[in-house]
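First up is the structure itself, then whatever we jot down about it.
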Amino acid sequence: MMLWLVLLLPILSVTSRSISIDHRSQSNTIADRIIELVTQGEFRGVTYNRLAALVDTIGPRLCGNESLTNAVNWVQNAMINEGLDNVHVEEVQIPHWVRGEEHARLIQPRNAKLSMLGLGNSVGTGPNGIQAPVLVVRSFDELNARCGEARNKIVVFNPQCDWQAQPIGCYGPVVGYRVGGASHAAKCGALASLSRSAASRSIDSPHTGVMEYDLTYPKIPAASLSVEHADMLDRFQQRNQSMEIFLYMEAQTLSDVVGYNLVAEVKGSTLPNETVLVSGHLDSWDVGQGALDDGGGAAISWTVLSLIHALNIRAKRTIRCVLWSCEEFGGIGGDQYFTAHQNEVPNMSIVMESDLGVFHPQGLQFQGRPEAQQIVTTISKLLTSINATQVVSGGGGEDISKWMQHGVPGASLLNDNWDYFAYHHSRGDTINVLNSTDVDLAAAVWTVYAFSIADLDSILPR
Ligand SMILES: *[C@@H]1O[C@H](CO)[C@@H](O)[C@H](O)[C@H]1NC(C)=O
Ligand SMILES: *[C@@H]1O[C@H](CO)[C@@H](O)[C@H](O)[C@H]1NC(C)=O
Ligand SMILES: *[C@@H]1O[C@H](CO)[C@@H](O)[C@H](O)[C@H]1NC(C)=O
Ligand SMILES: *[C@@H]1O[C@H](CO)[C@@H](O)[C@H](O)[C@H]1NC(C)=O
Ligand SMILES: *[C@@H]1O[C@H](CO)[C@@H](O)[C@H](O)[C@H]1NC(C)=O
Ligand SMILES: *[C@@H]1O[C@H](CO)[C@@H](O)[C@H](O)[C@H]1NC(C)=O
Ligand SMILES: [Zn+2]
């Protein structure tokens, strides 16, 4: 430990006039103590065990469901017992979509159950279901070209992407069909829309997620299909075998309910009017356990406060943990929090959200001015012993995007998440996909950045 600290001093002193990460700073030794606490000390396994207890006991936490409120209460009580500062909830108005019973069957060319999950916000089919012939398209362009053929059919979107080559990069292009497919199909007179799951790997697992209607067109039911079943339907069409599907969904949207963002802090010592915000979202889809998306991000953000509290230290600035409510329906809790707190834009040094996995950590994704990224890069040297020193441009998160649009620097956890979209929004999102050692390291990385930025001489340049 001492060796790399000595080696580091020349690098750090270059910027020590503008920032406080130098040999006089408390950040170097504190980073070591944080890493030691999670790798060998009393915090080893704590974050994973807390998360496992939460997701085993409460289960998945769909927006509008009582389980989400139960999770907020569960974590809030634990935070109060721990003695964190300013633990409280802030109300959020939350949409209340319910899945109800649902199933899909292939009727022609053979009778078979299809692996499906209704999409959040979708309407239901009505009590009689919908039985119709099928048109498979691979893109919106193909649908537009064959629009006339879609009338009174169930449209199946089967977008292709090389997920092996770009396991994260395929999500954006593919998820567009989940989100917007139904209204595109409705524009052509389709009766329902099914979309290939936005999944990097599949063992016949459907992956749900939110969809949105363009109110210009009728609202038709929308569901995802497993990759295997989308491809099978595509092959039937290529062979000119005519298909018929029966779809039944009881999905509906009830009146909004009250939910809660959960907030806790460790107050700053000398600049408590300035804040570093760390966060993850506590809500999840209603399948699996929501351990990966985003129990893990919520858990490491909570641990930031726990570690600093356990070390009985304070940074200059306040470190605030916010566990968002209802990210999955479009950053609902994050947006309402911003609206209520936007007078704090000048006070916010950085907003951080971890929502892309807590696998083996590699560093930080950072979005901000080059001067700020330079400072963050200097801090990253504190993570040399655990090889998490990468700082790459980009990052952010649905719940912190409004702050970033207003010029506040933003960050997310850079981690070895190539397998993230194998589990995301599916029954496979359970605590089993996470590794306790890696979750500990992720919590340490998150904490070292939050503490070090909170302890700089000045707020990050913007
Ligand atoms: C919460 O989810 C459970 C399990 O799906 C369901 O039985 C219950 O009706 C839901 N509650 C609300 C308020 O949606
Ligand atoms: C399917 O039908 C189209 C149009 O009639 C035809 O061009 C194509 O060769 C057929 N494909 C097969 C595999 O029969
Ligand atoms: C933000 O900073 C201003 C100026 O120091 C201060 O008056 C205000 O109370 C701060 N807001 C918070 C939430 O700390
Ligand atoms: C916070 O307070 C300090 C002095 O107490 C002041 O110098 C600083 O500008 C304030 N920060 C913000 C963002 O207003
Ligand atoms: C350190 O992490 C990088 C990825 O961030 C990886 O490519 C490299 O192999 C790692 N080095 C060691 C020694 O584990
Ligand atoms: C968990 O991660 C650690 C450190 O990255 C690794 O050494 C260990 O083999 C992993 N455990 C399992 C069960 O994969
Ligand atoms: Zn998420």
Side-chain angles (χ1 to χ4, degrees), residues 38 43 45-79 82 89 94 120 207-209 259-264 278-306 321-329 331-334 352-361 397-400 412-413 415-417 419-447:
V38 301
F43 270 78
V46 164
T47 310
Y48 179 93
N49 289 333
R50 274 176 176 171
L51 177 60
L54 173 72
V55 302
D56 288 342
T57 308
I58 310 275
R61 304 165 301 283
L62 186 68
C63 295
N65 196 274
E66 58 272 17
S67 59
L68 179 52
T69 306
N70 293 342
V72 170
N73 291 336
W74 193 96
V75 178
Q76 184 179 15
N77 285 334
M79 286 173 155
E82 231 181 315
V89 294
I94 284 188
H207 296 230
T208 187
Y260 307 92
N261 289 324
L262 174 57
V263 183
V278 292
S279 68
H281 66 87
L282 213 44
D283 68 295
S284 73
W285 285 98
D286 55 337
V287 291
Q289 292 187 316
L292 181 68
D293 185 11
D294 182 29
I300 64 166
S301 298
W302 172 13
T303 297
V304 168
L305 301 191
S306 302
C321 167
V322 186
L323 304 187
W324 311 110
S325 230
C326 203
E327 184 274 347
E328 294 293 359
F329 281 72
I332 305 290
M352 299 164 58
E353 179 168 27
S354 168
D355 190 18
L356 272 176
V358 287
F359 298 106
H360 192 78
E398 179 83 33
D399 298 295
I400 57 173
S412 48
L413 183 75
N415 68 107
D416 188 11
N417 60 1
D419 215 16
Y420 182 79
F421 289 112
Y423 308 112
H424 178 252
H425 295 187
S426 80
R427 292 187 186 93
D429 179 352
T430 70
I431 190 76
N432 285 57
V433 307
L434 297 176
N435 171 322
S436 180
T437 306
D438 287 338
V439 172
D440 282 336
L441 293 173
V445 170
W446 210 225
T447 307

Open item on the list: Do W324 and I400 make a side-chain contact, defined as non-hydrogen atoms from C-beta onward lying under 4.5 Å apart?
Closed with: yes
Open item on the list: How long is the straight-line distance from CD1 of I58 back to CG of L68, given to the nearest 0.5 Å?
Closed with: 10.0 Å
Task: All pairs passing ring pair (Phe, Tyr, Trp, His ring centres under 6.0 Å) where residues 284-303 contributes a residue, at least two apart - done: W285-F329, W285-H425
Task: Validation row: H281, D293 side chains within 4.5 angstrom (heavy atoms) - done: yes
Open item on the list: Could you measure the distance from the CG atom of N65 to the CG atom of D283? Nearest 0.5 Å is fine.
Closed with: 11.5 Å
Task: S301: partners by side-chain hydrogen bond (donor to acceptor under 3.5 Å, both in side chains), with sequence neighbours left out - done: W446
TODO: Ignoring hydrogens and angles, state whether a donor on the side chain of S306 or E82 is under 3.5 Å from an acceptor on the partner side chain.
DONE: yes
Open item on the list: Restricting to non-hydrogen atoms, name the atom on I431 and the atom on A291 that form the minimum distance, rounded to 0.1 Å.
Closed with: N-CB, 3.4 Å
Open item on the list: Please tell me whether D56 and Q289 have a donor and an acceptor in their side chains that are separated by less than 3.5 angstrom.
Closed with: yes
Open item on the list: Strictly distance-based, threshold 3.5 Å: is any side-chain N or O of D286 a donor or acceptor partner for the main-chain N or O of L62?
Closed with: no
TODO: Just say parallel, tilted or perpendicular for the rings of H424 and Y420, cut-offs at 30° and 60°.
DONE: tilted
Task: Expected output: side-chain T57 to main-chain L54 donor-acceptor under 3.5 Å - done: no
TODO: Give a yes-or-no answer on whether the side chains of T303 and T47 include a donor-acceptor pair shorter than 3.5 Å.
DONE: yes
Task: Test applied, side-chain contact (heavy atoms from CB on, under 4.5 Å); reference residue, V89; option that passes from L262, V263, L323 - done: L262
- [ ] Quick one: closest heavy-atom pair of F359 and L292, and the distance?
- [x] CZ-CD1, 3.5 Å
TODO: Evaluate the side-chain proximity of V55 to L51: yes if any heavy-atom separation is below 4.5 Å, no if none is.
DONE: yes
TODO: Grab the two heavy atoms, one from L413 and one from P361, that are nearest each other, plus how far apart they are.
DONE: CD1-CB, 4.4 Å
Open item on the list: I'd like to check S412 versus E353 (side-chain heavy atoms, cut-off strictly below 4.5 Å). Are they in contact?
Closed with: no
Task: Pairs touching residues 431-444 that satisfy side chain to side chain donor-acceptor pair (under 3.5 Å), sequence neighbours left out - done: H360-D438
- [ ] State the CG-CG distance between D399 and D294, to the nearest 0.5 angstrom.
- [x] 8.5 Å
Task: Side chain to side chain, I332 and C63, heavy atoms closer than 4.5 Å - done: no
TODO: Compare all side-chain heavy atoms of V358 with those of L434 and state whether any distance is below 4.5 angstrom.
DONE: yes
Open item on the list: Are L282 and V72 packed together at the side-chain level, in the sense that at least one heavy-atom pair is separated by less than 4.5 angstrom?
Closed with: yes
Open item on the list: Could you report the tightest heavy-atom contact between C321 and L305, atom names first, then the distance?
Closed with: CB-CD1, 3.6 Å
Open item on the list: I need the E398 CD to C326 SG distance, nearest 0.5 Å.
Closed with: 10.5 Å
Open item on the list: For G357, is there any backbone N or O sitting under 3.5 Å from a side-chain donor or acceptor partner on N415?
Closed with: yes
- [ ] Return yes if some donor-acceptor pair links the side-chain N/O of S284 with the main-chain N/O of P60 below 3.5 Å, else return no.
- [x] no
Open item on the list: Between the side chains of E327 and R61, is the shortest nitrogen-to-carboxylate-oxygen separation below 4.0 Å, so that they form an ion pair?
Closed with: no
